[in-house]
Amino acid sequence: MNFFLETLIGGLLAGTLYSLVALGFVLIYKASGVFNFAQGAMLLFAALTFASLHEHGWSFAMALLGAAAVMVLAAVLIERLVLRPLANRSQITLFMATLGLSFILEGLAQGLMGAQVRALDLGIDDVPLFLGEIMVSEFDLIAAGVAGLLVVVLGLLFNRTRLGIALRAVADDTRAALSIGIDLNRIWRIVWAVAGLVGLVAGLLWGARQGVQFSLSLVVLKALPVLIIGGFTSIGGAIVGGLIVGAAENLAEAYLGPLVGGGITPWFAYVLAVVFLYLRPAGLFGERAIERV
C-alpha cells in the first residue's frame, strides 16, 4: 500500500508540471478559440531569456523581471504584427499563424541566445521528503503549490473581474463583443501577455528539471492529453487533467510496465486521451458545443 500511495502521489505532483504548460493553451483558447501551437516556443523563449540574463550577471529577481518584460513586449508585438492583420479570419488560419510563429520564436531564440544547453538553478533542491512512510519530492511539492496559486489567480481574473467578462465575451462571439465596444486588440494583448508569463513560470520549472534546451519546446506534446482530458476551455480542467495524466503514467509504469517490458510513460497518456475522446469529447470540464441544424 505504501508503494501504491508513493507512486500515486509522485504522479499527481509530477502532473502539475504538465498542467502549467496546459494553462497557457487554455488562456489563448478561451479568449480566441484558437489552439496556440506557439506556446511551447514561448515557454522555451522565456526560459532562455531568464537563463541568458542570469548568465550575464543579473540577479535572480532582476532576471525574472527582465524575462517577464520581454514576454509582455513579445505579446504586444504578436498582437500587432500577427493577430491584428488576421482578425475575423478562420480558426485554421490563426492556428497556422501560431504554427509559423513557433518556428520564428525558436529561430529568434537560437540566433540571439545560442543553442547550448543551460543549467538552471532556482534554489529548489530536488530532495526526498517523508510524509510518514511515504516519500515525495520537494521540487514537485513546490511546483504543485505554484500551479495551485496560478489557478486561483487566473480563476479570479476570469470570473471576478470586468476584464474576465470581456475575455469570455470575445471567446463566445468576437463580432458581438466588438459591437458593444470591447477592444479586441487590447484583449488579445493582455491574454498573450498572461500566457507568456505563465509560460515563463512553466519554463523555469521545466528548465530546472531537465535543463534549458531546445527540446523544452516539445513539452507541449504532453500538454495535449491534459487538454483533451480536462477540457480546452477550463483552467481548473488543466490542473485536473495534468493530475490524471501524471498519476496514470506513474501507476501504469509501475504495474503494467513489467508486463510489457517497460517504456509505457511516453505513450500511455495518449491512449488515455483517445479513450476520453470516445467517451467525453469535450473533456471533463470543457464546454460542449451546441449546433443548431
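In what follows, every heavy atom counts, from backbone to side chain, and hydrogens, waters and symmetry copies are set aside.
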Does some side-chain heavy atom of [Y] sit less than 4.5 Å from a side-chain heavy atom of [X]?
X      : Y      : value
Leu150 : Ile235 : no
Asn250 : Leu8   : no
Phe4   : Leu251 : yes
Phe276 : Leu284 : yes

Table please: side-chain donor-acceptor pairs of residues 36-49 below 3.5 Å, with sequence neighbours left out.
from  : atom 1 : to     : atom 2 : distance (Å)
Asn36 : OD1    : Ala38  : N      : 3.1
Asn36 : ND2    : Gln39  : OE1    : 3.3
Gln39 : NE2    : Ala195 : O      : 3.4
Thr49 : OG1    : Phe45  : O      : 2.7

Open item on the list: Does Phe35 form a side chain to side chain contact (heavy atoms under 4.5 Å, CB included) with Leu224? I'd like the steps, not just the answer.
Closed with: CA-CA 10 Å; Phe35 181 79; Leu224 296 178; 3.2 Å; yes
Open item on the list: Using modelled atom types and a 3.5 Å cut-off, is there a donor and acceptor pairing between side-chain atoms of Thr16 and backbone atoms of Ser19?
Closed with: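 Not a single qualifying donor-acceptor pair exists.
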- [ ] May I ask you to decide if Phe95's main-chain N or O and Thr98's side chain share a donor-acceptor pair within less than 3.5 Å?
- [x]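 Yes; at least one donor-acceptor contact below 3.5 Å.
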- [ ] Quick one: do Leu122 and Leu120 satisfy side chain to side chain contact (heavy atoms under 4.5 Å, CB included)? Show the steps, please.
- [x] CA-CA 6 Å; Leu122 301 180; Leu120 188 58; 4.1 Å; yes
- [ ] Starting from Val153, walk the hydrophobic network (Ile, Leu, Val, Met, Phe, Trp, Tyr; side-chain heavy atoms closer than 4.5 Å) and list everyone else you reach, by chain and number.
- [x]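 When side chains under 4.5 Å apart are linked, the cluster holding Val153 also contains Leu149.
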Task: Hydrophobic cluster (4.5 angstrom, side-chain heavy atoms) - remaining members for Val76 - done: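 None, because no other hydrophobic side chain comes under 4.5 Å of this residue.
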Partner set under side-chain hydrogen bond (donor to acceptor under 3.5 Å, both in side chains) for [X], not counting sequence neighbours:
X      : value
Glu253 : Thr265
Thr161 : none
Glu249 : Tyr18, Lys222
Glu138 : none

Side-chain polar contacts of residues 180-188 - donor-acceptor pairs under 3.5 angstrom, sequence neighbours left out - could you list them?
from   : atom 1 : to     : atom 2 : distance (Å)
Asp183 : OD1    : Asn185 : N      : 3.2
Asp183 : OD1    : Arg186 : N      : 3.3

- [ ] Give, for atom CG of Leu27 and atom CG of Leu154, the distance between the pair rounded to the nearest 0.5 Å.
- [x]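 Between atom CG of Leu27 and atom CG of Leu154 there are 5.5 Å.
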Open item on the list: Rounded at 0.5 Å granularity, tell me how far CG in Leu272 sits from CD1 in Ile228.
Closed with: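 One gets 10.0 Å once the value is rounded to the nearest 0.5 Å.
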Nearest non-hydrogen partners of [X] and [Y], listed with the distance:
X      : Y      : value
Leu53  : Ala63  : CD1-O, 3.8 Å
Ala97  : Val82  : CB-CG1, 4.0 Å
Val21  : Ala223 : CG1-CB, 3.9 Å
Leu12  : Ala247 : CD2-CB, 3.7 Å
Leu221 : Tyr270 : O-OH, 2.8 Å
Val226 : Ala22  : CG1-CB, 3.7 Å

TODO: Would you please test Ser90 and Thr93 for side chain to side chain donor-acceptor pair (under 3.5 Å) and show each step?
DONE: CA-CA 5 Å; Ser90 65; Thr93 299; 2.9 Å; yes
Task: All pairs passing salt bridge (Lys or Arg N to Asp or Glu O under 4.0 Å) where residues 74-86 contributes a residue, at least two apart - done: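 As it turns out, the salt bridge (Lys or Arg N to Asp or Glu O under 4.0 Å) pairs with a partner in residues 74-86, which skip direct neighbours, are Glu79-Arg84, Glu79-Arg189.
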TODO: Hey, could you give me each pair passing salt bridge (Lys or Arg N to Asp or Glu O under 4.0 Å) that has a residue in residues 38-66? Not counting sequence neighbours.
DONE: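 For residues 38-66, and leaving out neighbouring residues, the salt bridge (Lys or Arg N to Asp or Glu O under 4.0 Å) pairs sorted by first residue read Glu55-Arg118.
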In residues 102-112, what donor-acceptor pairs under 3.5 Å come from side-chain atoms, sequence neighbours left out?
from   : atom 1 : to     : atom 2 : distance (Å)
Ser102 : OG     : Leu99  : O      : 2.5
Glu106 : OE2    : Ser217 : OG     : 3.2

- [ ] Step by step, work out the side chain to side chain contact (heavy atoms under 4.5 Å, CB included) result for Val26 and Thr233.
- [x] CA-CA 6 Å; Val26 171; Thr233 58; 5.8 Å; no
Check for me, please, whether [X] and [Y] land in the same ILVMFWY cluster - side-chain distances under 4.5 Å, paths through other members count.
X      : Y      : result
Trp58  : Val212 : no
Leu94  : Ile28  : yes
Leu200 : Leu65  : no
Leu23  : Leu156 : no
Val72  : Trp192 : no

Open item on the list: Tell me every residue that passes ring pair (Phe, Tyr, Trp, His ring centres under 6.0 Å) with Tyr29, counting only those two or more places apart in sequence or in another chain.
Closed with: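 Result, ring pair (Phe, Tyr, Trp, His ring centres under 6.0 Å) vs Tyr29: Phe232.
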- [ ] Just do the side chain to side chain contact (heavy atoms under 4.5 Å, CB included) check on Val240 and Ile229 with the steps written out, would you?
- [x] CA-CA 8 Å; Val240 174; Ile229 293 170; over 6 Å; no
